[in-house]
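To keep things clear, I will list the structure first and then write my remarks on it.
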2 protein chains.
Amino acid sequence: MAKKRRSAARQTRHKTSVACLRRLPAYLQMLRSLQNEGREYVSSNVLAGVHHLEPVIVRKDLAATGIVGTPRLGFRIKELIAAIEHFIGWDHRTKGVLVGCGNLGSALLGHRRFNTLGLEIVGAFDHDERKVGRLIHGLPVMPMTKLAKFVRTRNVTLGLLTIPASSARDTASYMVRSGIRGIWNFAPVKLDMPDDVIVQKEDLAEGLAVLVHHMSHKAAASSRNLN
Amino acid sequence: MAKKRRSAARQTRHKTSVACLRRLPAYLQMLRSLQNEGREYVSSNVLAGVHHLEPVIVRKDLAATGIVGTPRLGFRIKELIAAIEHFIGWDHRTKGVLVGCGNLGSALLGHRRFNTLGLEIVGAFDHDERKVGRLIHGLPVMPMTKLAKFVRTRNVTLGLLTIPASSARDTASYMVRSGIRGIWNFAPVKLDMPDDVIVQKEDLAEGLAVLVHHMSHKAAASSRNLN
DNA sequence: TAGATTGTTAATCGATTAACAATC
DNA sequence: TAGATTGTTAATCGATTAACAATC
């Protein structure tokens, strides 16, 4: 029986699928609000309501975090929150610097939700000297020349890249040379980085393409019936 | 032979995968810059460089748009751009209204790249009366009470939802009652909508979870070798 | 105990990759 | 023609779903 139990935890060794990782934050959000309501246990069935998921998918995802539930009761919410946070890496704060204080960059600097997501933006940088010194949501914009020292003394590992496509590649290299190990890339450019640097690309165009295609297609589908 | 040719175009009828749709914008971006360089043809091999893709994936994706290439030459860039834009629905402007002029909303209002992506935000709205009347990136913020009439007279089909989670659901319903057919949802909430309304959810937490997990895991992987 | 819910194994589905014939 | 590149069919892979035994 003890052997059985360990097997669930061992799943952690399987390479976790990106699909699973992307679903975990939604569970977390729901779990927190259930916890605020004073509930103690939750079933995979309830959690599945967070999107349009099958309960068995939820159980598979949760198993990946090493958590074990109780038949008839479900999962202990408190335990589950801790397990998911630990699994993602949100149980400790990750410090990040933001490079590129334009529209999007400024918005991210003011994004309070990051507090809930284990991310703390501790420094803002920009190439543009005219922006240097300004306060954006309480953070002073610093010149790029101070990046390397800042990253080292503050022990920052993550960088948010929010500059135009043209200079994104050079800036990213500079960030990595400064000690950054992971880049959240909001520029519409593919970054070629050494293997030990993690890059996560974020591109609004992707979601918009899916949305607009579905909208045009839905319209097409109904008018096609006229044939 | 003519029959063979038509079969490629016929692929359009297959339900297109979301994965494919998400890749198309990146091809488009590269195609445009190749066109600016004056090139006329491109191979699937070159396009594959846009991410870390296999050329055969690119050919499959392009086939979904109905385009047909030429052996040895590749694809005519001009034709290909038109085909992708048409397929996604970016060959005609989609008009959108933005609801929620906070940090993120303001940033999106100033996001010039949407011009390239067939999206034109023609109106900005907010619940907060104090924001009404302000100009954000040239657009005046309007009160929610004017939404329905605006949507109808301007023939707007798309809505960008950038308000806090708490009121997102109610606001979304109101948008749909006002005539909106598609919602680009930036609030961390699942929206339950009638089947004929398309919802595309955008959640930064997903990408961040993937990034942070990979970063922690990479670190764990190297330190694990010490055992 | 009976019943609800978990965890696991097997089946299905769809997307990616491999292999290769067609063709300019 | 020879060779590069396309388009297609078959094989592989991985994720989702179905089925069900385990268990509180």
Side-chain angles (χ1 to χ4, degrees), chain A residues 1-24 27 34 39-77 79-80 83 206 210, chain B residues 1-24 27 34 39-77 79-80 83 206 210:
Chain A
M1 198 223 281
K3 213 183 285 181
K4 275 266 179 59
R5 276 301 162 79
R6 226 173 297 135
S7 78
R10 196 170 289 159
Q11 281 220 353
T12 315
R13 304 266 173 97
H14 293 339
K15 203 167 49 189
T16 317
S17 79
V18 169
C20 164
L21 275 168
R22 287 186 165 273
R23 287 189 292 259
L24 291 175
Y27 303 147
L34 289 170
R39 291 190 48 178
E40 198 174 351
Y41 283 89
V42 67
S43 72
S44 57
N45 211 323
V46 169
L47 278 176
V50 87
H51 287 150
H52 301 274
L53 303 173
E54 294 297 321
V56 67
I57 283 259
V58 176
R59 293 202 295 277
K60 277 261 169 75
D61 288 346
L62 300 187
T65 71
I67 202 79
V68 173
T70 311
R72 286 221 52 177
L73 280 175
F75 300 84
R76 240 180 105 78
I77 291 178
E79 232 181 287
L80 193 42
E206 293 182 6
V210 175
Chain B
M1 199 221 281
K3 213 183 283 179
K4 276 264 177 63
R5 277 301 162 79
R6 224 172 298 132
S7 80
R10 196 169 288 157
Q11 280 219 357
T12 314
R13 304 266 172 96
H14 294 341
K15 204 167 48 189
T16 316
S17 79
V18 168
C20 164
L21 274 168
R22 286 185 167 274
R23 286 188 294 258
L24 291 175
Y27 303 146
L34 289 171
R39 290 191 49 179
E40 198 174 353
Y41 283 88
V42 67
S43 72
S44 58
N45 212 322
V46 169
L47 279 175
V50 86
H51 288 147
H52 300 274
L53 303 173
E54 294 296 322
V56 66
I57 284 258
V58 176
R59 294 201 294 277
K60 278 263 169 75
D61 288 347
L62 300 188
T65 71
I67 202 81
V68 173
T70 311
R72 286 221 52 179
L73 279 175
F75 299 85
R76 240 180 103 77
I77 291 178
E79 231 183 288
L80 193 43
E206 294 182 6
V210 175

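In what follows, chains carry the letters A, B, and so on, assigned in the order in which the sequence lines appear, proteins first and then strands, with residues in each chain numbered from 1. Computed from a prediction, not measured in an experiment: that's the story for all the values here.
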Give DNA chain D the dot-bracket treatment, 5' to 3': Watson-Crick (N1-N3 with N6-O4 or O6-N4) or G-U (N1-O2, O6-N3) under 3.5 Å, [ ] crossing, | other strand. ..||||||||||||||||||||||

Would you give the length of the straight line joining atom [atom1] of [X] to atom [atom2] of [Y], rounded to the nearest 0.5 angstrom?
| X | Y | atom1 | atom2 | answer |
| --- | --- | --- | --- | --- |
| B/Y41 | B/E79 | OH | CD | 7.5 Å |
| A/E54 | A/K60 | CD | NZ | 12.0 Å |
| A/D61 | A/I67 | CG | CD1 | 13.5 Å |
| B/L47 | B/I57 | CG | CD1 | 13.0 Å |
| B/L62 | B/F75 | CG | CZ | 5.0 Å |
| A/R72 | A/S43 | CZ | OG | 12.0 Å |

Could you tell me how far apart [X] ([atom1]) and [N] ([atom2]) are, to the nearest whole angstrom?
| X | N | atom1 | atom2 | answer |
| --- | --- | --- | --- | --- |
| B/R22 | C/dA15 | CZ | P | 14 Å |
| A/Y41 | D/dC24 | OH | C1' | 11 Å |
| B/E79 | D/dT6 | CD | P | 14 Å |
| A/L62 | C/dT6 | CG | C1' | 11 Å |
| A/R59 | C/dT6 | CZ | P | 5 Å |
| A/E54 | C/dG7 | CD | C1' | 16 Å |
| B/R76 | C/dC24 | CZ | P | 16 Å |
| B/H52 | C/dT17 | NE2 | C1' | 17 Å |

Under 3.5 Å, is there an N or O donor on one side and an acceptor on the other linking the side chain of B/K60 and the base of D/dT8?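 No, the side chain and the base share no sub-3.5 Å donor-acceptor pair.
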
As a test of reading the structure: which of [options] is closest to the side chain of [X], going by heavy atoms?
| X | options | answer |
| --- | --- | --- |
| B/R72 | C/dA2, D/dA2, C/dT6 | D/dA2 |
| A/S17 | D/dA15, C/dC24, D/dA19 | D/dA15 |
| A/S43 | D/dT8, C/dT6, D/dA15 | C/dT6 |
| B/P71 | D/dT6, D/dA19, C/dT16 | D/dT6 |
| B/T70 | C/dT17, C/dC24, D/dT17 | C/dC24 |

Using the closest heavy atom to pick a nucleotide of DNA chain D for each, name whichever of B/S44 or A/L73 lands nearer the 5' end.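 The answer here is B/S44.
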
Pairwise 5' ranking along DNA chain D for A/D61 and B/P55, keeping only the more 5' one: B/P55

When you compare the side chain of A/Y27 with that of A/T65, does any pair of heavy atoms fall below 4.5 Å?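 Side-chain contact under 4.5 Å: no.
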
Considering heavy-atom distances to DNA chain C, does B/C20 or A/F75 have its closest nucleotide positioned more toward the 5' end?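 Nearest nucleotide further toward 5': that of A/F75.
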
